[in-house]
Amino acid sequence: MASKTVEAVLFPGVDVRVECVSDSCDVLVVEAASAARPGRFPDCRKQARRVHSTYQRALDERMLGSRRVVIRLRVRRYFCDRKSCSRKTFVEQLPGLSERHRRSSTGLTGWLWSIAIEVGGCPAARLCCRLRLAAGRTRLLRLLTAPTVPARASRVLGVDEFAFRKGCTYGTVLVGVAPAGSWTCCPIAPLRRSRRG
């Protein structure tokens with residue numbers, strides 16, 4: 001049986017070098033540094049060459065058994081030498097591990113996104129608390145983005161409400177009118193009328 005490196009177990013497919021792993025109470029702290037080749041600038045697409053500085057990011061990672069995992073990741077900031085480039089510096093991102101403006105790894109973000117999609121809001125926050133994941137309802141809802149609107153989406157939408165049975169069950173129909181004159185009908189699930197005053 002072939003032995004695997006710590007990097008291959010903790011970060012499969014990501015170019016990082018694990019420098020230290022320490023265990024304190026219920027938290028496993030992994031200190032790692034980027035070993036990836038320099039990337040390209042997001043604006044001018046020029047290959048990065050000159051290192052501006054390095055700094056350490058703290059990323060929450062998925063649980064490992066009953067232990068919380070924190071990654072202290074050292075990343076590089078690069079200079080752009082082009083005068084026309086709007087960005088003078090940029091920080092490398094490691095695909096599969098980190099994203100801009102995130103304090104959690106892409107794996108943990110994927111878990112939280114799945115929980116937010118399935119449960120949503122306050123129930124999702126309670127579930128995350130039971131799973132020992134640090135995420136409140138606003139953070140979970142922020143992960144959900146609006147779906148992209150197709151180019152040929154309806155600009156005109158008609159709404160009609162009706163009763164399935166008089167005084168008991170109500171329904172709503174949404175009618176979308178496309179620019180070419182065709183229309184689609186989307187019935188919405190019936191709603192029961194509340195008996196409370």
Side-chain angles (χ1 to χ4, degrees), residues 3-36 39 42 53-77 89-150 169-172 174 186-197:
S3 63
K4 291 187 175 183
T5 63
V6 174
E7 290 88 352
V9 173
L10 292 177
F11 311 111
V14 180
D15 289 331
V16 293
R17 183 181 66 254
V18 174
E19 296 175 342
C20 178
V21 178
S22 59
D23 183 19
S24 61
C25 296
D26 289 340
V27 179
L28 189 68
V29 179
V30 179
E31 294 186 19
S34 170
S53 59
T54 61
Y55 74 96
Q56 198 172 60
R57 293 179 64 178
L59 299 172
D60 286 332
E61 178 58 290
R62 294 167 285 197
M63 301 283 286
L64 190 61
S66 62
R67 290 190 172 138
R68 190 172 147 239
V69 179
V70 175
I71 303 168
R72 290 190 182 147
L73 180 66
R74 196 171 67 238
V75 291
R76 297 168 288 200
R77 179 179 292 275
T89 64
F90 90 104
V91 175
E92 66 182 335
Q93 301 300 326
L94 298 174
L97 185 60
S98 66
E99 294 176 336
R100 285 185 71 191
H101 307 297
R102 295 254 188 239
R103 290 181 302 203
S104 57
S105 69
T106 53
L108 179 59
T109 302
W111 277 15
L112 295 176
W113 181 83
S114 297
I115 291 171
I117 284 285
E118 294 299 325
V119 185
C122 290
R126 287 192 298 270
L127 177 62
C128 286
C129 184
R130 294 206 42 144
L131 295 174
R132 298 179 61 199
L133 300 174
R137 65 181 175 83
T138 53
R139 179 181 179 189
L140 292 167
L141 292 176
R142 232 179 292 129
L143 290 174
L144 304 178
T145 56
T148 57
V149 178
T169 308
Y170 297 90
T172 305
L174 299 177
C186 304
I188 296 178
L191 302 172
R192 298 236 178 244
R193 186 172 152 187
S194 172
R195 291 288 178 194
R196 290 184 285 171

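Atom set for the values below is all heavy atoms of this structure, side chains included, hydrogens, waters and symmetry mates excluded. By convention here, the first residue in the shown sequence is residue 1.
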CG on L133 to CZ on R62, rounded to 0.5 Å: 11.0 Å

T106 (side chain) donor-acceptor with G96 (main chain) under 3.5 angstrom: yes

Salt bridge (Lys or Arg N to Asp or Glu O under 4.0 Å) with E92: which residues, sequence neighbours excluded? R76

Can you pull out every salt bridge (Lys or Arg N to Asp or Glu O under 4.0 Å) where at least one residue sits in residues 98-111? Sequence neighbours excluded, please. E99-R102

What heavy-atom pair brings A135 and C128 nearest, and what distance separates the two atoms? O-CB, 4.0 Å

Considering all heavy atoms, the nearest S98-L59 contact: CB-CD1, 4.0 Å

Which atom pairs, donor and acceptor, lie under 3.5 Å between side-chain atoms of residues 14-21 and protein residues at least two apart or in another chain?
unit_1, atom_1, unit_2, atom_2, d
R17, NH2, E19, OE2, 3.3
E19, OE1, R74, NH1, 3.2
E19, OE2, R74, NH1, 3.3
E19, OE2, R74, NH2, 3.0

By salt bridge (Lys or Arg N to Asp or Glu O under 4.0 Å), D26 pairs with (sequence neighbours left out) R132

Is the count of non-hydrogen atoms from other residues, nucleotides or ligands lying under 6.0 Å from R77 atom CZ greater than 12? yes

Counterpart residues, salt bridge (Lys or Arg N to Asp or Glu O under 4.0 Å), relative to R139 (two or more places apart): none

Enumerate, atom names and distances included, each donor-acceptor pair closer than 3.5 Å involving a side-chain atom of residues 108-126, sequence neighbours excluded.
unit_1, atom_1, unit_2, atom_2, d
T109, OG1, S104, OG, 2.9
T109, OG1, S105, O, 2.8
S114, OG, G110, O, 3.1

To the nearest 0.5 Å, atom CZ of R57 lies from atom CZ of R72 at 14.5 Å

